[in-house]
Amino acid sequence: MIVKIIRDKEYQFRITAAVCAECGGEMNLPGLIDRNVQEMDDQDRRWRAVKMIFHLMR
């Protein structure tokens, strides 16, 4: 889980991490950053959809 501050508001995102089986350290794999950006975007879109539904139900 990572924390990002966007427009003065804190958000928590679940992202994919690559971990070395030998030392346990995080690894940088090709395409991993792209995947994490996509995951954060998907989570943000789902959160906005939920907020919109709650707003419409009021």
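Everything numeric in this text was worked out from a predicted model, so none of it was measured. Each residue takes its place number in the sequence, starting with 1. Any value given below was found using the heavy atoms of this structure, including those in side chains, with hydrogens, waters and symmetry copies removed.
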Worksheet item: Taking atom CD of E26 as the centre, does the number of heavy atoms from other residues, nucleotides or ligands within less than 6.0 Å exceed 12?
Response: no
Item to complete: State, to 0.1 Å, how close R14 and Q43 come at their nearest heavy-atom pair, and which atoms those are.
Response: O-NE2, 2.5 Å
Discussion item. Measuring from atom CZ of F13 to atom CG of N36, what distance do you get when rounded to the nearest 0.5 angstrom?
Written reply: 11.0 Å
Item to complete: Please check if Y11 and V50 belong to a single hydrophobic cluster, counting links between Ile, Leu, Val, Met, Phe, Trp and Tyr side chain heavy atoms closer than 4.5 Å.
Response: no
Worksheet item: Listed by chain and number, what are the salt bridge (charged side-chain N to carboxylate O under 4.0 Å, His left out) partners of R45, not counting sequence neighbours?
Response: D41
Worksheet item: With side chains defined as the heavy atoms from C-beta onward, is the minimum distance between V3 and E10 less than 4.5 Å?
Response: yes
Fill in: With D42 via side chain to side chain contact (heavy atoms under 4.5 Å, CB included) - residues at least two apart
Q38, R46
Worksheet item: Between I2 and I6, is there a shared hydrophobic cluster once you connect ILVMFWY residues whose side-chain heavy atoms come closer than 4.5 Å?
Response: yes
Worksheet item: Would you find more than 12 non-hydrogen atoms of other residues, nucleotides or ligands less than 6.0 Å from M52 atom CE?
Response: no
Discussion item. Just checking L29: does its CG atom have more than 12 heavy atoms from other residues, nucleotides or ligands closer to it than 6.0 angstrom?
Written reply: yes
Worksheet item: Quick one: does T16's side chain get under 4.5 Å of E39's, heavy atoms only?
Response: yes
Worksheet item: So do the side chains of L32 and M27 get within less than 4.5 Å of each other, counting heavy atoms only?
Response: no
